[in-house]
Student: 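Shown below is the structure under consideration.
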Amino acid sequence: MSAQPLEDANEFLLSGGVRPAKFEMACAAVSGKVIHAEKQQQREIDSGKVKYWEDGTPRMQIVVHLQTSQRDPDDPDDDGMRAVYIRGNMLTALRGALRKAHAKLELGGVLTVTYTGDGERKAAGFNPPKLYAVDYSPPSPTAVNDILGETPDTPAEPDKLPPGITAEQWAELPQPAKEALAKMRNLPPF
């Protein structure tokens, strides 16, 4: 039996136990900082069996965990974490929001999903599809570092500083400037 990488263990640990975001009526919304995201195969609600398209390909979805300000007043253990299951019309709306923001979905980004109403019923016996509006703001480097529990380092050795910059000046530079200078000098990221 081979050992699994730590990322796989964390993926497993983070994949369950998060309350789902609920979109029960039009105008219902959830908004929060992206803490975790993964692609997974859709499952039948009743049986838990994985779902496939008619041609046999797996039906996929994106599951995003958001840290929200929502709390269930009846549950003192509610930490505000909500899982959003992104597929169908919500997936289309998310793709549009990412294009508009010229970004990709990243940890620390802020995602807002709003149920705007129902679409046209496609077949008798089925509910009409829900329609969504999605807004996304990419993260700042600080937001990502906060989620990962990292603090950017400054070079310890004076010879690693860019020419003409003192350690005091370096410490006062904003993080994006440090990263740009590091790339220009092929230094490790800070």
Side-chain angles (χ1 to χ4, degrees), residues 10-55 57-148 175-176:
N10 282 322
E11 197 78 22
F12 176 73
L13 290 168
L14 291 170
S15 65
V18 175
R19 291 172 183 259
K22 295 184 180 180
F23 300 97
E24 295 172 340
M25 53 193 318
C27 297
V30 64
S31 183
K33 188 181 289 188
V34 176
I35 302 299
H36 175 79
E38 68 179 296
K39 179 179 162 184
Q40 64 178 221
Q41 192 168 354
Q42 294 180 32
R43 295 187 171 274
E44 297 286 343
I45 293 174
D46 297 336
S47 67
K49 291 181 181 177
V50 292
K51 294 171 82 174
Y52 295 90
W53 294 104
E54 288 181 15
D55 67 358
T57 58
R59 292 180 73 165
M60 303 305 289
Q61 65 186 353
I62 305 295
V63 181
V64 178
H65 295 179
L66 299 177
Q67 183 59 61
T68 73
S69 60
Q70 296 177 352
R71 301 290 187 276
D72 179 350
D74 297 329
D75 182 359
D77 295 328
D78 186 355
D79 62 359
M81 190 72 69
R82 297 293 184 267
V84 181
Y85 296 84
I86 301 173
R87 58 186 175 264
N89 289 330
M90 191 185 298
L91 180 61
T92 301
L94 175 59
R95 285 178 175 148
L98 293 173
R99 279 189 212 102
K100 182 179 175 184
H102 303 288
K104 59 184 178 178
L105 189 65
E106 296 180 84
L107 294 180
V110 176
L111 181 67
T112 302
V113 179
T114 306
Y115 168 33
T116 60
D118 295 330
E120 185 178 323
R121 185 185 311 259
K122 301 286 184 189
F126 288 91
N127 291 327
K130 290 184 176 182
L131 302 176
Y132 298 91
V134 176
D135 186 54
Y136 179 73
S137 300
S140 67
T142 304
V144 174
N145 288 336
D146 288 348
I147 289 172
L148 297 175
Q175 188 62 31

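Keep in mind that what you see is a predicted model, and the values were worked out from it rather than measured.
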Student: Looking only at heavy atoms, what is the nearest atom pair of Pro76 and Asp74, with distance?
Tutor: CD-O, 3.7 Å

Student: What verdict does the side-chain contact (heavy atoms from CB on, under 4.5 Å) test give for Arg95 and Leu91, after you've listed the backbone C-alpha separation in whole Å, the side-chain angles of each residue and the deciding distance to 0.1 Å?
Tutor: CA-CA 6 Å; Arg95 285 178 175 148; Leu91 180 61; 3.6 Å; yes

Student: Grab the two heavy atoms, one from Thr68 and one from Arg71, that are nearest each other, plus how far apart they are.
Tutor: O-NH1, 2.9 Å

Student: Who are the side chain to side chain donor-acceptor pair (under 3.5 Å) partners of Tyr132, not counting sequence neighbours?
Tutor: none

Student: Tyr136 side chain to Lys104 main-chain N or O, any donor-acceptor pair under 3.5 Å?
Tutor: yes

Student: How many angstroms lie between OG1 in Thr92 and CD1 in Ile86, if you round to the nearest 0.5 Å?
Tutor: 11.5 Å

Student: Flag yes if more than 12 heavy atoms outside Glu44 fall under 6.0 Å of its CD atom; otherwise flag no.
Tutor: yes

Student: Can you confirm whether more than 12 heavy atoms, excluding those of Lys100, are under 6.0 Å from its NZ atom?
Tutor: no

Student: Out of Val30, Leu105, Val18, which one pairs with Val64 under the side chain to side chain contact (heavy atoms under 4.5 Å, CB included) rule?
Tutor: Leu105

Student: Any donor-acceptor pair under 3.5 Å linking the side chain of Gln67 with the backbone of Asp79?
Tutor: yes

Student: So does Asp72 get a backbone contact from the side chain of Asp78, meaning a donor-acceptor N/O pair under 3.5 Å?
Tutor: yes

Student: Calculate, to the nearest 0.5 Å, the distance between atoms NZ and CD belonging to Lys51 and Gln42 respectively.
Tutor: 5.0 Å

Student: Between atom NE2 of His36 and atom CG of Leu107, what is the distance when rounded to the nearest 0.5 Å?
Tutor: 9.0 Å

Student: On a heavy-atom basis, which atom in Gln41 and which in Gln61 lie closest, and how many Å separate them?
Tutor: O-NE2, 4.1 Å

Student: Going by atom type alone, with no hydrogens or angles, which donor-acceptor pairs under 3.5 Å involve a side-chain atom of residues 109-119 and a protein atom two or more places apart or on another chain?
Tutor:
unit_1: Thr112; atom_1: OG1; unit_2: Ser31; atom_2: OG; d: 2.6
unit_1: Tyr115; atom_1: OH; unit_2: Asp118; atom_2: OD1; d: 2.5
unit_1: Thr116; atom_1: OG1; unit_2: Leu131; atom_2: O; d: 3.1

Student: So, taking the atom named CD1 in Ile62 and the one named CD in Glu38, what distance separates them when rounded to the nearest 0.5 Å?
Tutor: 9.0 Å

Student: Do Trp53 and Met60 have side chains that get closer than 4.5 Å, going by heavy atoms?
Tutor: no

Student: If you look at every heavy atom in Pro128 and Glu120, which pair is closest and at what distance?
Tutor: CB-C, 4.4 Å

Student: For Asp55, check side chain to side chain donor-acceptor pair (under 3.5 Å) against everything at least two apart and list the hits.
Tutor: Thr57

